[in-house]
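Structure first, then comments.
In listed order, ligands and their atoms are each counted from 1.
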Amino acid sequence: MSFQPNSPAARDVAYFLHPYTNAKAHEEHGPMIIERGEGVYVYDDSGKAYIEAMAGLWCASLGFNEKRLVKAATAQMEKLPYYHTFAHKAHLPGIDLAEKLVKLAPVPMSKVFFCSSGSEANDTVVKLVWYYNNARGRHAKKKFISRIKGYHGVTVASASLTGTPVNHPGFDLPLPGFKHTSNPHYYRFGQAGESEEQFATRMADDLEKMILEEGPETVAAFIAEPIQGAGGVIVPPKTYFEKIQAVLKKYDVLMVADEVICGFGRTGNFWGSQTVGIQPDILSCAKALSSSYLPISAVLMTDEVYQPIAQGSADLGVLGHGYTYSAHPVCAAVALETLKIYEERDIVGHVRTVAPRFLERLHALGDHPLVGETRGRGLMGALEIVADKATKAPFDPKAGAGALAYKAAAEHGLIVRSIGDTIAFTPPLIINNSQIDEMFDKMGKALDDALAALKKAQAA
Ligand SMILES: Cc1ncc(COP(=O)(O)O)c(C=O)c1O
């Protein structure tokens, strides 16, 4: 494709290496340029409106033009645009946000460490857990177990935790000491005649087997998203986390909840941990913490985790970890305002009010000839496209069924996410019932278009 010389598209292709993009395909197709946003809609540079069914990257919870967040950022910029928090320095937005997060936590937490992204938060988790075990003299207890298709970010340690197919090849990852246990997707991996509860027992048995094979004295922590997001919106089977946590307790392995997507109301409770019954020792969060208007993330830890870390820092003279932007005051001010808005507008109550419509409309797409499974909780859902509903057989990846549905959705003015042949929906939490209807009406049409295209390709 040739681009108008010096146009934004031409300059994008000339200068910009995009994350999570096939660079060669990008040179050919160019970018989709989004120019502005309003509520749950974004507009491209031709003025076309799209309902943003993913809230960007599962994150812009308050939609795309919340003026109060702009004001909060501006006010903080004018007062103190930057200061750091190293070496005993502090500022009010950081202090207030730490206190607020501890008060909101799903279990009693003691301290908060701030970073700028979900990946940095999970990297920090890895380092703090290593530090914690060193401080306790347990120098061999360092391994992390995550799940196949779990997503925890892309920095070196976070990418090692991540278990999705594209994050290791080409990068010499995962690092040693990062293991991936079974994926708890009942529809795909449940065996014939196995109930959800039996499947959950088998998943916990797999974890126990892995811990025993590795040696419990070498396994430090297990990390999981309450509901797996980027791995395909996998809702855990009934009793899953209850059984998993019993295994972790038995072998003195920490439970880390990655709330980067699920936190702040997404699943119909303030925390995903509350929805699925996780009692975390450590919790990481990001994204909706600031409605993603500015980058900020946080790691919360219990006092049992904090105390050895504090002692370790005293023994070594300093906690040798921290970022220039840890608790950045402008980001912290925007996060505080976001949390205030969640409370004032009862965003969790709103999610609970509209979630039944969201889930009803999502599950209704299960009748479409292309759809094998629909799944979701709160305002987090997905449908899985299959070639054969009865056998659950997927399409040949070369058919690009998910990509076809994604493209057709965009043509109808709907931005979704295709994860292979799974289509995900996590709209801004402010979405209303009529926008939910609009979203799924468009998706129904997109599935019809994808089916027609697949049939045409098969006939050719
Ligand atoms: C559950 C989860 N953890 C961590 C991350 C990484 O966050 P970031 O992209 O901000 O580094 C993501 C990103 O989507 C995520 O979904």
Problem set entry | Pairs satisfying side chain to side chain donor-acceptor pair (under 3.5 Å), at least one member in residues 32-43, at least two apart | Arg36-Glu38, Tyr41-Glu438
Side-chain donor-acceptor pairs under 3.5 Å in residues 416-429, sequence neighbours left out?
| residue | atom | partner | partner atom | Å |
| --- | --- | --- | --- | --- |
| Asp421 | OD1 | Gly402 | N | 2.8 |
| Thr422 | OG1 | Arg375 | NH2 | 3.4 |
| Thr426 | OG1 | Met54 | O | 3.4 |

Exercise. Side chains of Ser291 and Leu69: does their closest heavy-atom pair fall under 4.5 Å?
Worked result: yes
For this session: Considering non-hydrogen atoms only, spot the tightest contact between Ala200 and Thr239 and give its length.
Result: CB-OG1, 3.4 Å
For this session: Report the relative orientation of the aromatic rings in His168 and His180; use parallel for angles under 30°, tilted for 30 to 60°, perpendicular for over 60°.
Result: tilted
For this session: Select all protein residues for which some heavy-atom-to-ligand 1 distance is less than 4.0 Å, and list them by chain and number.
Result: Ser117, Gly118, Ser119, Asn122, Tyr151, His152, Gly153, Glu225, Asp258, Val260, Ile261, Lys287
Exercise. Among pairs that include at least one residue of residues 94-121, which meet ring pair (Phe, Tyr, Trp, His ring centres under 6.0 Å), considering only residues two or more places apart or in two chains?
Worked result: Phe113-His321
